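Below is one structure; the comments refer to it alone.
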Amino acid sequence: MNWPLEAFLSFLAAGAFGIIFNIPKKTLISCGLVGMSGWLVYRSYFLMFDDPIQATFAGAFIVAIVAHILAKTFKMPMIIFSVAGIIPLVPGSRAYNAMRNIVENDYMEAVDFAVQALMISGAIAMGLVFAEVLMQLYFKYQARRTQKKMGFTQE
Amino acid sequence: MAEISEVRRELALDCFLLAGKVMMESGAETYRVEDTMIRMAVSQNMMDSHCFVTPAGIMFSPSNDLPTRFVRIHGRRTDLERVARVNAVSRRLVAGQLTLQQAYEEMTEIEKNHYLFPLWLQVFAAAVASACFLILMGGGWADIPFAFLIGGIGFYIVEMVLVKTRVKFFAEFIGAVAIGTLAVLVVNSGFGNDPDTIIIGSVMPLVPGLLITNAVRDMMAGHFVSGLSMGAEAFLTAFAIGAGIAIVLSF
């Protein structure tokens, strides 16, 4: 695997998706970085443990964590950073292979690919959920600490 | 709770509903829209307001004894820059940096404008993304120009059919058919090597990524109505793409 090349291509692809989704111009580069980190984590996990579902979970988790941190720094909605990062993890080739096998009347193969695609989509969702819960707990903890420090109470 | 004059209250309601409408039309998550509207309402001294947002309309009730307002949401178009701008205005209103009047004026300004990148740039971005995915999905270098061209053409066709028919599934279906046909033609005429990777790469810009993330986040926040409907939309879009490709492959 050619690391710099894959890093560059995933950066470019995520940035291009940012343009398709019309994200604000100044966030384009950070959006590309989110996509790059998600893809690199996915690829290295996949090469290490050879399990696409766990690898997708790890990739989606990292994408959501990085997107949350960037959203806090830019003071913008988190979704701006996460959408483009999620796209490379979408099980496009498995869904395609499932479709092709259905057309070729090879239903056993098709079901195999379709179930994999379904599991990977579920892994993306679970990765987003886990990161969301974790970040919310952390932000709540942080907010409580600053509130205490300032002696500020909510009405 | 301090009493608010009627004129001011109506202006505040207009402002909240406009903010919600613009955000929902531009592809924000449902729970973010509700959260933004409630925060703005609290900043304007409406403590017990209720808000219910679906992808089709927004209901907002300022308090128990005041009339509820409703606004219908028609077309949706992904434009995350508008979401970010409305979000920024509401943040400043809540922080007290803007008066209600100023916030309302900024919202109307955002509602009138579109901050879309020009179409040629979007088509170019789709083409670049297709070429990148071709390599990332394990395609050969020789197929890059074809993935670049076909990805761009497919995205352009989807946009054009969408403008003409306003039916998203049909547009995606036609786009997928065009991508599949072009890829098979290119390979059969001896220029391209592998139709599979060319098709996978070129179809990527059509994938409903925003709908998937929104559906997941809304379900998590407990908004099952919008989560399920967005999930259904994402599923149907994916199905339309798959059907388009399947038709081409079955010949």
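Source: prediction; values computed, not measured. Quick note on labels: first sequence line is chain A, next is B, and so on, each numbered from 1.
In this structure, chain B has heavy atoms under 4.5 Å from both the backbone and the side chain of A/Ala125. In this structure, the portions of B/Val207 lying under 4.5 Å from any heavy atom of chain A include both its backbone and its side chain. Neither the backbone nor the side chain of A/Ile124 comes within less than 4.5 Å of any heavy atom in chain B. Both the backbone and the side chain of B/Ala246 come within less than 4.5 Å of a heavy atom in chain A. Both the backbone and the side chain of B/Met204 come within less than 4.5 Å of a heavy atom of chain A. Residue B/Ile245 touches chain A through its side chain alone, counting heavy-atom pairs closer than 4.5 Å. Contacts of B/Asn87 with chain A are made by side-chain atoms alone, with heavy-atom separations under 4.5 Å and no backbone atom involved. At a 4.5 Å heavy-atom cutoff, the contact between B/Arg91 and chain A is made by side-chain atoms alone. B/Phe155 touches chain A through its side chain: at least one heavy atom from C-beta onward sits under 4.5 Å away, while N, CA, C and O do not. If you measure heavy-atom distances from A/Phe21 to chain B, the contacts under 4.5 Å come from both the backbone and the side chain. Within the 4.5 angstrom heavy-atom criterion, no atom of A/Thr27 approaches chain B. Looking at B/Ala243, only its backbone comes within 4.5 Å of chain A, counting heavy atoms on both sides.
Between A/Ile87 and B/Phe133, the closest side-chain pair of non-hydrogen atoms falls below 4.5 Å. Taking 4.5 Å as the limit, every side-chain heavy atom of B/Ile135 sits out of range of all side-chain heavy atoms of A/Phe8. Taking 4.5 Å as the limit, some side-chain heavy atom of A/Val83 sits within range of a side-chain heavy atom of B/Leu80. A 4.5 Å side-chain heavy-atom check between B/Phe117 and A/Ile20 finds every atom pair outside the cut-off. A 4.5 Å side-chain heavy-atom check between B/Thr78 and A/Asn22 finds every atom pair outside the cut-off. Between B/Glu29 and A/Ile79 there is a side-chain heavy-atom pair separated by less than 4.5 Å.
To the nearest 0.5 Å, atoms CD1 (A/Ile80) and CG (B/Leu210) are separated by 10.5 Å. Taking OH of B/Tyr115 as the reference point, atom NZ of A/Lys25 lies at 10.5 Å (rounded to 0.5 Å). Expressed to the nearest 0.5 Å, how far CG of A/Asn105 lies from OG of B/Ser250 amounts to 10.5 Å. Between the CD atom in A/Glu6 and the CG atom in B/Leu136 there is a gap of 6.0 Å [rounded to 0.5 Å].
Residues A/Phe17 and B/Ala129 share a closest heavy-atom pair of CE1-CB, 3.9 Å. Scanning all heavy atoms of the two residues, the minimum distance from A/Pro24 to B/Glu81 falls at CA-OE1, 3.5 Å. Contact between A/Pro77 and B/Ala84 at its shortest, heavy atoms only, is CD-CA, 4.1 Å. For the pair B/Met137 and A/Pro88, the tightest heavy-atom approach, listed with the atom from each and the gap, is CE-O, 4.2 Å. Residues B/Arg217 and A/Met78 share a closest heavy-atom pair of NH1-SD, 3.2 Å. Closest approach of B/Cys132 and A/Ala13 over heavy atoms only: CB-CB, 3.8 Å.
With chain B as partner, the option from A/Met76, A/Lys75, A/Glu104 having the largest number of non-hydrogen pairs under 4.5 angstrom is A/Lys75. Counting heavy-atom pairs closer than 4.5 Å to chain A, the top-ranked of the candidates B/Asn214, B/Asp196, B/Val83 is B/Asp196. In terms of heavy-atom pairs under 4.5 angstrom with chain A, the leader among B/Ile199, B/Ile241, B/Thr197, B/Ile212 is B/Ile199. Of the listed residues B/Val42, B/Ile247, B/Val123, B/Ile200, the one with more heavy-atom pairs under 4.5 angstrom with chain A than any other is B/Ile200.
Enclosure of atom CG in B/Leu228 by more than 12 non-hydrogen atoms of other residues, nucleotides or ligands within 6.0 angstrom is indicated. Heavy atoms of other residues, nucleotides or ligands lying less than 6.0 angstrom from OH of B/Tyr156 number 12 at most. Residue B/Phe169 qualifies as enclosed at atom CZ: its count of foreign heavy atoms under 6.0 Å is above 12. Environment of CZ in B/Phe124: sparse, with no more than 12 heavy atoms of neighbouring residues, nucleotides or ligands closer than 6.0 Å. When the shell of 6.0 Å around CZ of B/Phe239 is examined, it contains 12 or fewer heavy atoms from other residues, nucleotides or ligands.
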